[in-house]
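A note on names: the letters A, B, ... follow the listed sequences, proteins ahead of strands, and every chain is numbered from 1.
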2 protein chains.
Amino acid sequence: MVTIADVARHAGVSSSTVSYVLSGKRAISEETRSRVQSSVRELGYHPNAGARALAARRSHIIALMVPLRTDVYVPVMMEIAIAVTTAARRHGYDVLLITNDEGPDGVRRIAASGLADGLVLMDVELDDERIPVLRAQGTQAALIGLADDARGLSCVDHDFAAAGALCANHLADLGHRDVAFIGYGSGVYHRHAGYAERTIAGFRSQAEERGLRFLHRTCEGTYESTAGALARVLADRPRTTGFVVQNEGAIGPLLSLLRTSGRTVPEDASVVALCQDQLAEQFAPRLTAVTGSAQDLGRVAVEQIMRRLAAANDGGRPADDRVLLTPVLTVRDSTGPAPRLP
Amino acid sequence: MVTIADVARHAGVSSSTVSYVLSGKRAISEETRSRVQSSVRELGYHPNAGARALAARRSHIIALMVPLRTDVYVPVMMEIAIAVTTAARRHGYDVLLITNDEGPDGVRRIAASGLADGLVLMDVELDDERIPVLRAQGTQAALIGLADDARGLSCVDHDFAAAGALCANHLADLGHRDVAFIGYGSGVYHRHAGYAERTIAGFRSQAEERGLRFLHRTCEGTYESTAGALARVLADRPRTTGFVVQNEGAIGPLLSLLRTSGRTVPEDASVVALCQDQLAEQFAPRLTAVTGSAQDLGRVAVEQIMRRLAAANDGGRPADDRVLLTPVLTVRDSTGPAPRLP
DNA sequence: TGCTGTCAGCGAAGCGTTTCGACGTTGGCA
DNA sequence: TGCCAACGTCGAAACGCTTCGCTGACAGCA
């Protein structure tokens, strides 16, 4: 194992000088710097992470807490996780993966052991029990998702209300009057997942503003469940011509079911999906969809943590901020003018 | 911050005694043990990770290197990642997430800095350039996937050859004579991804044994690409009645296309998917599918690393092992007896 | 009674960094 | 020419833990 002392000896300087060359925290003559740097390269020196963390009281690790749940679209989670990792590396940080099932104790463990300098929390509930722990430990954290009380924290999320509103507007613009919103399973709403509630709220208020009549139906994302939801919609409002789906698992079934029931998309029924573009492109017809960038979510969360860390290090109190990413509606082949109904 | 010295003072013992209570590496009287343990609880002590790593020369972290690529089914990657994390926690380990784009340098960095005690590599290519680095650094590692030369490493993977064979057998049993294999995009085969090659190989040899005539077509997983692949199959072998799909993105399109072309599944055409059960259940009709457990993959990899770590710690040379998980074929509604063709 | 062995616990020496204060050396300025 | 500040470098003290060797105390045995 190559240590800083080996590098120092090789370069003919003291180990503190090597440390300063590497950290850039003090002025070093150009000549010494380059000599040290070539010794580092030549010996293949990598600072010992444990020793560094101990001495500097910074682990250069941020923890990412991911849900075990699979009722949300998994590729999005993965995309966020990878974006967090990539962004963190750009700041010289590594990412520790923690699962949600460790709960508040997990947060305590990570914070108290100094394993991580900061925490990114995914799948945050409106009233999340990890948040008080975070505050108590004084850990720097960024939430992906919005919490009721985010004092002392940073948040970033898609603007789901705007996304819902975009859907309502688009269908209204096309002349639809009766529309249905096929959402997540009831469990998602019961645990007050912010993204689900905010989407519906945004959709609802815009729908009302535009004079749309609408139904909201929960759906577990299976074929049967989708069939049930659709059947209830058509039973209650046979004249429904516009559909908004916020449940990746329900998209395929919904398209099949509409076809089976003799409705052609987009001539007889329009479908707007709230999902990633990549997924929207996979269906036939391609889906008009509302999306936000999952990567941006991860990237922004990391930047928020880095800002907080820097502020805390300068003795300041990190400013709380709250970023909402604007969603985009991409018109494809699954939406069209409302049909004339008999 | 609570240190081991605080706990020692609180319990009226020396800090080495606290350490021994926590690690169990020396005999401690029952009375002392319980006194220390309650001090630990009362003070909320968590050992400082950096100090522990420095002194014990063990970080209690394993690194997981995940692909950035998205041409493999992402939920499977996530499932593996979560299984690795969960399994590692059961052994008192945490998981560091590294992305593939760091390549061999990433491996070097992690190993040389002592950040992780072991490494789990996903998406291993047959001739992977990270492997020599692993060997050179003497890092304990487990590969998910099979490499050409795995000396000094442990491997675990699905038995893809057996999976391919299962598909061929199933279709042959049902009386199909002309079958098609819709695979991944050509890039996957060009980089010699083991899972893709081994599936085809297993399928091919069993198909030959059973006297099946078959075609292999690559497919990018989009609607167009699937349409192209299917069109070529039907042009070359119009009597094809059996389909094997190993490409999650192609499943939905394939089913739609078969329907559009006037073929009912399973009466006119049978479809076997190589995909997770969860996905297979989402389609209509539900798909007969061949699967292995992604969770087991992660769990086994962690156990392999733990074994290697334990062996290395006892001064021994860790035994290389290579585990192949047996896949399972679940018959659902997408396969049936071959139709009588005119 | 003295010797040996076991058991519990203690003290101190690291582990490899970072960082603070100190110390020559220069150069600029009066 | 003398003084001071800035610069570049060094030495040493942490950082909080693990672990090795040692020491009493006590029991068993001859």
Side-chain angles (χ1 to χ4, degrees), chain A residues 1-37 39-40 43-61 92 109 111-117 313-315, chain B residues 1-37 39-40 43-61 92 109 111-117 313-315:
Chain A
M1 178 187 206
V2 184
T3 72
I4 200 173
D6 297 327
V7 176
R9 208 171 307 123
H10 187 272
V13 296
S14 75
S15 56
S16 52
T17 301
V18 175
S19 177
Y20 285 125
V21 167
L22 261 26
S23 70
K25 292 190 180 175
R26 276 201 187 175
I28 297 285
S29 71
E30 187 45 44
E31 194 220 322
T32 307
R33 181 203 316 290
S34 67
R35 199 146 36 88
V36 168
Q37 277 166 344
S39 294
V40 165
L43 300 179
Y45 170 68
H46 288 267
N48 179 283
R52 188 149 85 118
L54 178 57
R57 312 162 139 272
R58 279 218 170 195
S59 65
H60 289 269
I61 289 178
R109 182 175 73 85
S113 68
L115 225 190
D117 299 333
N313 208 36
D314 298 349
Chain B
M1 177 187 206
V2 184
T3 72
I4 200 173
D6 297 327
V7 176
R9 207 172 307 122
H10 188 271
V13 296
S14 74
S15 55
S16 52
T17 301
V18 176
S19 177
Y20 285 124
V21 167
L22 260 26
S23 70
K25 291 191 181 175
R26 276 201 187 175
I28 296 285
S29 70
E30 188 44 45
E31 193 222 323
T32 308
R33 180 203 317 288
S34 68
R35 198 146 37 86
V36 168
Q37 277 166 344
S39 293
V40 165
L43 300 180
Y45 170 68
H46 287 267
N48 179 283
R52 190 151 84 117
L54 179 57
R57 311 162 137 271
R58 280 218 168 195
S59 64
H60 288 271
I61 289 178
R109 182 175 74 85
S113 68
L115 225 190
D117 298 333
N313 209 37
D314 299 349

Counting only side-chain nitrogens and oxygens, does [X] get under 4.0 Å of the OP1 or OP2 atom of [N]?
X     : N      : answer
B:K25 : D:dT18 : no
A:Y45 : C:dT17 : yes
B:S19 : D:dT18 : yes
A:R58 : C:dT17 : no
B:T3  : D:dG16 : no
A:S15 : C:dT17 : no
B:S14 : C:dC10 : yes

Query raised in the report: Just checking B:S29: base, sugar-phosphate only, or nothing, at a heavy-atom cut-off of under 4.0 Å?
Result: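 B:S29: backbone/sugar contact only, no base atoms under 4.0 Å.
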
Query raised in the report: Using a cut-off of 4.0 Å on non-hydrogen atoms, how would the nucleic acid contact of A:S23 be classed: base, sugar-phosphate, or nothing?
Result: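 Nothing: the residue A:S23, judged by heavy atoms under 4.0 Å, touches no strand.
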
**Report entry** Partner of A:Q37 by side chain to side chain contact (heavy atoms under 4.5 Å, CB included), out of A:T32, A:V18, A:V21
**Finding:**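 So, applying the side chain to side chain contact (heavy atoms under 4.5 Å, CB included) to A:Q37 and each of A:T32, A:V18, A:V21, only A:V21 qualifies.
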
Requested in this report: Classify the side chain of B:Y20 and the base of D:dC20 as holding, or not holding, a donor-acceptor pair under 3.5 Å.
Outcome: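 When only heavy-atom distances are counted, B:Y20 does reach the base of D:dC20 through a donor-acceptor pair under 3.5 Å.
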
Query raised in the report: Ignoring hydrogens and angles, does a donor from either the side chain of B:R26 or the base of D:dG21 sit under 3.5 Å from an acceptor on the other?
Result: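 Indeed, a donor on one side and an acceptor on the other fall under 3.5 Å apart.
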
Looking at every non-hydrogen atom in both residues, tell me the closest pair between [X] and [Y] and how far apart they are.
X     : Y      : value
A:S59 : A:A116 : OG-CA, 3.5 Å
B:V2  : B:L43  : CG2-O, 3.5 Å
B:V36 : B:V7   : O-CG1, 4.3 Å

Requested in this report: Assign each of A:V13 and A:R57 to its nearest nucleotide of DNA chain D by heavy atoms, then name whichever residue's nucleotide is nearer the 5' end.
Outcome: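 Its nearest nucleotide being more 5', the pick is A:V13.
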
Separation of [X] atom [atom1] from [N] atom [atom2], in whole Å?
X      : N      : atom1 : atom2 : answer
B:I4   : D:dC15 : CD1   : P     : 15 Å
B:E31  : D:dA25 : CD    : C1'   : 15 Å
B:L54  : C:dC15 : CG    : C1'   : 4 Å
B:N313 : D:dT18 : CG    : C1'   : 13 Å
A:N48  : D:dC17 : CG    : C1'   : 13 Å
B:D6   : D:dC17 : CG    : C1'   : 13 Å
B:H60  : D:dG16 : NE2   : P     : 19 Å
A:R52  : C:dT19 : CZ    : C1'   : 14 Å

Query - Polar side-chain atom of B:R26 near backbone of B:Y20 as donor-acceptor pair, under 3.5 Å - result: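 Flag not set: sc B:R26 to bb B:Y20 has no pair under 3.5 Å.
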
**Report entry** No-hydrogen, no-angle side-chain donor-acceptor test under 3.5 Å, A:S19 and A:S16
**Finding:**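 There is no such pair between these side chains.
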
**Report entry** From C:dT18, D:dT9, C:dG9, nucleotide with atom closest to A:T17 side chain
**Finding:**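 Comparing C:dT18, D:dT9, C:dG9 against the side chain of A:T17, the answer is D:dT9.
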
